[in-house]
2 protein chains.
Amino acid sequence: MKNSLHTTTLADQAEEKIIEYIKEHHLVPGDALPNEMQFSEMMGISRNVVREAMSRLRMLGLIQSRTKRGIVVTEPPLLNGFSKVLDPQLLSINTLKDMMGMRLALEIGITDFIFANITNVDLKELDEIVARQKAIGINNLSIEDELKFHLKIYEIAGNQFIMKFQELMHPVFVFSKQNYENYFQPINRKLQEENKIITHVDILEKLKNRDAEGYRNAMRMHLHPYWEFLYNYTEK
Amino acid sequence: MKNSLHTTTLADQAEEKIIEYIKEHHLVPGDALPNEMQFSEMMGISRNVVREAMSRLRMLGLIQSRTKRGIVVTEPPLLNGFSKVLDPQLLSINTLKDMMGMRLALEIGITDFIFANITNVDLKELDEIVARQKAIGINNLSIEDELKFHLKIYEIAGNQFIMKFQELMHPVFVFSKQNYENYFQPINRKLQEENKIITHVDILEKLKNRDAEGYRNAMRMHLHPYWEFLYNYTEK
DNA sequence: AATTCCTATTTGTAGGACAAATATATTTAT
DNA sequence: ATAAATATATTTGTCCTACAAATAGGAATT
């Protein structure tokens, strides 16, 4: 039994083989795969091992299996694995920073989509969201208020994947915000002293004026504390 | 045995339980997990099923197991699952569009990072990349030339996650470009007639001038065909 | 105190068994 | 002849036992 970090188990090989099989046979969602025993015999390994591999692919959403029918390929949700792995507790500070960078890039990057898609109904909804939100401290809303506004923004962008992605990353941001509160507080205080705080109200104004460039700048400023964190925070 | 699409198998439950265990016990990378038999007894299920669950988590990179030592939590690479699932053959047209949107958003969204990080050495490298590339048809380079330029851009942005993400998405773009060539060609021809084609040379110019706004516009225009595809392509 | 050896534990793999589901074939009823 | 009910065979999901290989930790030796 090989077991070191650099050797692959039979399950790893089986997994690879099955994926390979799908690609080589140009299988598409709906197509059937050989059943467990057939793979077991094809590879000369026990059914248990094949099942481990299948179990992985099932988890990823690449396949579905049903008694008697066997195993069929399905269109996988792209983020099944990602969603299980995003525990902030397990992530290094560098990974957290990367996640933040991703969020900043996306939030600025979807600007063009937003302005291409936004309707008056959307603006009205945003109006209501902003009207209902309540301030908690400096440049800080409740997690829920913050989420509601930004989720609506993402919704307007109209990209399911980005939407899902953000949803999954959200707990990471909540964690960071709380875990590094001491770092964010003075930044926000300074912003306030310099009168540079940009709130959802300001951002919404840019949307109403259909001012994409202004929106980007406003959003950049709104997220400035994260930018600061990303570039300047170091541990201890 | 429950087996319909809406029921969970024991392996699903075991997987959930183990993840739950990690969270509830606040385990961090390096910490040990109960071994297979213990989970088996804890849950009143067979070791086989526990192994299926562990196999999944091992694939995601959440855990590592070694003989005798047992199972330890590890910091997971975030995109292990994503990488196995990104087979363009399996993705619907809408998912492909979402991926393209993601790419557009990211490529525009990292602008601020790029201008915060870029050095003269980077510019020199980009110069060389651009100098070596060769045109193939209208607004078209070889896959490799195209990749080299954009990868370097991502590298400058300095975000490992985004970098990895783009690397994984690249084959999807290659696929789309080839698969929908007929759609892209007339768009590029029209752009050429209107003299609106923006090449890597133009983009590089903006970088050299430290013109972020100009860069964003240039990149937007450079990627315009994808934008077109995203908003206007329909099947048949 | 350092080294070697031994032992017990744990994962990785194999193979057999059976229940539950269900596609397909067969029989029965209308 | 068609529809409904039944039987059959197949396949996944689960459980069990067994053993090899690795190895952590203790025991024995130098």
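Proteins come first, then strands; the chains are lettered A, B, ... in the order of their sequence lines, and each starts at number 1.
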Salt bridge between B:Lys152 and B:Glu155, side-chain N to carboxylate O under 4.0 Å?
yes
Sub-4.0 Å heavy-atom contacts from residues 13-47 of chain A onto DNA chain D, ordered by number:
A:Asn35, A:Glu36, A:Arg47
For residues 158-171 of chain A, pull every pair meeting side chain to side chain donor-acceptor pair (under 3.5 Å), keeping only residues two or more places apart or in separate chains.
A:Tyr154-A:Gln166
Would you say D:dA22 has OP1 or OP2 under 4.0 Å from some side-chain N or O of B:Arg66?
no
Between D:dA20 (C1') and A:Leu10 (CG): distance, integer Å
13 Å
base_contact_polar (C:dG15 base, A:Asn48 side chain, donor-acceptor, <3.5 Å)
yes
Starting at the 5' end of DNA chain C, which residue's closest nucleotide do you reach first, A:Arg69 or A:Val49?
A:Val49
Is it true that B:Phe82 and A:Phe165 have ring centroids separated by less than 6.0 Å?
no
Quick test of your reading: applying salt bridge (Lys or Arg N to Asp or Glu O under 4.0 Å), list the pairs with at least one residue in residues 22-40 of chain A, sequence neighbours left out, ordered by first then second residue.
A:Glu36-A:Arg47, A:Glu36-A:Arg51
Side chain of A:Lys68: nearest nucleotide among C:dA23, C:dT11, D:dG13?
C:dA23
Base-pairing string, 5' to 3', of DNA chain C - Watson-Crick or wobble, under 3.5 Å, | interstrand:
||||||||||||||||||||||||||||||
Has B:Ser65 got a side-chain N or O lying under 4.0 Å from the OP1 or OP2 atom of C:dG12?
yes
Find the distance A:Glu52:CD to D:dT12:P and express it as a whole number of Å.
16 Å
Mind checking whether B:His222 and B:His150 have parallel, tilted or perpendicular rings, split at 30° and 60°?
parallel
Plane angle bin for A:Tyr233 and A:Phe229 - parallel if under 30°, tilted between 30 and 60°, otherwise perpendicular:
parallel
Between B:Asp145 and B:Lys134 (salt bridge meaning N to carboxylate O under 4.0 Å), is one present in this structure?
no
Looking only at D:dA21, C:dA21, C:dT13, the nucleotide nearest the B:Thr67 side chain is D:dA21
Using the test side-chain hydrogen bond (donor to acceptor under 3.5 Å, both in side chains), find all partners of A:Glu144 that sit at least two apart in sequence or belong to another chain.
A:Ser142
side-chain hydrogen bond (donor to acceptor under 3.5 Å, both in side chains) filter on A:Glu75, not counting sequence neighbours, yields B:Ser92, B:Thr95
